[in-house]
Protein chains: 2
Amino acid sequence: MVRMISSAIPDFAVRLRAAGLRPTRQRVALARVLFEGGDRHVTAEGLHAEVKATSHRVSLATVYNTLNQFRDAGLLREVVVAPGRSYFDTNMSHHHHFFIETDGELHDFPSDKVTVAGLPTPPKGTKLSRVDVIVRVRR
Amino acid sequence: MVRMISSAIPDFAVRLRAAGLRPTRQRVALARVLFEGGDRHVTAEGLHAEVKATSHRVSLATVYNTLNQFRDAGLLREVVVAPGRSYFDTNMSHHHHFFIETDGELHDFPSDKVTVAGLPTPPKGTKLSRVDVIVRVRR
DNA sequence: CAAGCAGATTAGAATTATTCTAAAAGGTGA
DNA sequence: TCACCTTTTAGAATAATTCTAATCTGCTTG
Ligand SMILES: [Mn+2]
Ligand SMILES: [Mn+2]
Ligand SMILES: [Zn+2]
Ligand SMILES: [Zn+2]
């Protein structure tokens, strides 16, 4: 019987290598938490707590290192909505955010329907990096 | 000769009182730096350096306290664009921002021409606070 | 399947931004 | 002027993040 290769079981080692990162135990453990299951918005502290719960020992420094590397490699984006707290977002599709200020929650909304029209041209000598739309709401 | 009252010389004491804040020396000194001249985006550290240059002694703790109070009183707004750095914005009119990521500069652009259309309704039980549009560019 | 080595992880110290504490000073209404 | 409540302040504390330098580990080579 031929070995089945199921594309439903994502191979994080392969994915990390494709991104130019060595698939170490820690990075694979973090990738699993981050990327299996749906899109997520995590903080470093939160991710650290989660990965510890899977009984993989990963230091907090490594969580920070990894999140920064994943971001630089284009596997994550960083969203800054509140002073002193960064969220890392596994949803790399074009989308925007609701931020519930009263409880610090961040929610996606698709950019399909949203149009941002009439933006001025970027200042001389600069190139566009990203347009963030953050809808702030409170309970 | 009757004393002239020029509306071109803003009376910060009056303005602070109107906002429910006692016009202390420190608050007046900071208000002067912040509000005379055009619109500004300042950090706490930057404002502290500026006010010291006017030979008014104001502690950094007071700069932080004052910026937070001015924001809560509606004299300023806070803009968070990068992790670990808050900008306080004296421009209270409806507008959006360019953020030059490579050198940390924040620039206004008027919201006249900009239309954000098709925003979804806020989640149940929340009310809209503000919509931020941040155009990130790099040199 | 060794080594060998560059790259990764880690504990803990360091840094940065910001807030807190508690004592001294100041603004204001009577 | 006085009393009283508010504000300021130095310095300690906190929180998020980064750095250091020693140890470890994934990968290539022989
Ligand atoms: Mn970072
Ligand atoms: Mn604040
Ligand atoms: Zn998102
Ligand atoms: Zn502005």
Side-chain angles (χ1 to χ4, degrees), chain A residues 11-33 41-52 54-73 75-76 78-88 104 106, chain B residues 11-33 41-52 54-73 75-76 78-88 104 106:
Chain A
D11 188 333
F12 291 110
V14 168
R15 194 156 159 197
L16 290 175
R17 253 194 225 96
L21 297 166
R22 276 203 205 173
T24 65
R25 290 199 238 95
Q26 293 84 340
R27 296 211 269 231
V28 171
L30 290 168
R32 225 186 280 286
V33 174
H41 301 109
V42 303
T43 62
E45 283 287 352
L47 179 60
H48 187 225
E50 279 190 69
V51 78
K52 274 194 299 191
T54 69
S55 78
H56 289 92
R57 286 180 254 3
V58 182
S59 75
L60 183 56
T62 295
V63 172
Y64 275 104
N65 290 340
T66 303
L67 286 171
N68 288 331
Q69 291 152 357
F70 283 12
R71 178 203 53 215
D72 295 346
L75 301 175
L76 288 176
E78 190 171 3
V79 184
V80 184
V81 281
R85 174 149 289 187
S86 264
Y87 290 80
F88 289 87
L106 196 60
Chain B
D11 187 333
F12 291 109
V14 168
R15 197 158 157 196
L16 291 174
R17 253 192 226 96
L21 296 166
R22 280 201 198 175
T24 64
R25 290 200 236 93
Q26 293 84 339
R27 295 210 270 231
V28 171
L30 291 167
R32 224 185 281 286
V33 175
H41 300 109
V42 303
T43 61
E45 283 287 352
L47 179 59
H48 187 226
E50 279 191 69
V51 77
K52 274 194 297 194
T54 69
S55 78
H56 288 92
R57 286 180 255 4
V58 182
S59 74
L60 182 58
T62 295
V63 172
Y64 275 104
N65 290 339
T66 302
L67 286 171
N68 288 331
Q69 290 152 358
F70 282 11
R71 178 204 52 216
D72 294 346
L75 301 174
L76 289 174
E78 191 170 2
V79 184
V80 184
V81 280
R85 174 150 287 186
S86 262
Y87 290 81
F88 288 88
L106 196 60

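In what follows, chains carry the letters A, B, and so on, assigned in the order in which the sequence lines appear, proteins first and then strands, with residues in each chain numbered from 1.
- Checking the phosphate oxygens (OP1, OP2) of dT8(D), no side-chain nitrogen or oxygen of Arg25(B) falls inside 4.0 Å.
- An OP1 or OP2 oxygen of dT19(C) is reached within less than 4.0 angstrom by no side-chain nitrogen or oxygen of Tyr64(B).
- Within 4.0 Å (heavy atoms only), Thr43(B) reaches no atom of the nucleic acid at all.
- Residue order along DNA chain D, read from the 5' end via each residue's closest nucleotide, puts Thr66(B) first among Pro23(A) and Thr66(B).
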Under-3.5 Å N/O pairs linking protein and nucleotides 9-11 of chain D:
residue, atom, partner, partner atom, Å
dT9(D), OP1, Gln26(B), NE2, 3.4
dT9(D), OP1, Arg57(B), O, 3.2
dT9(D), OP2, Ser59(B), N, 2.9
dT9(D), OP2, Ser59(B), OG, 3.3
dT9(D), OP2, Thr62(B), OG1, 2.7

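- Inter-residue side-chain proximity for Phe70(B) and Arg27(B) is flagged as met; some heavy-atom pair is nearer than 4.5 Å.
- Between Leu30(A) and Phe12(A) the shortest side-chain heavy-atom distance does not fall below 4.5 Å.
- Side-chain contact between Arg15(B) and Asp11(B) is absent, with no heavy-atom pair separated by less than 4.5 Å.
- Residues Thr62(A) and His48(A) fail the side-chain proximity criterion, which asks for heavy atoms closer than 4.5 Å.
- Side-chain proximity of Arg85(B) to the nucleotides dC27(D), dT28(C), dA17(C) is greatest for dA17(C).
- The phosphate of dT7(D) has OP1 or OP2 within less than 4.0 Å of a side-chain N or O from Arg27(B).
- A close approach under 4.0 Å does occur between a side-chain nitrogen or oxygen of Thr24(B) and OP1 or OP2 of dT8(D).
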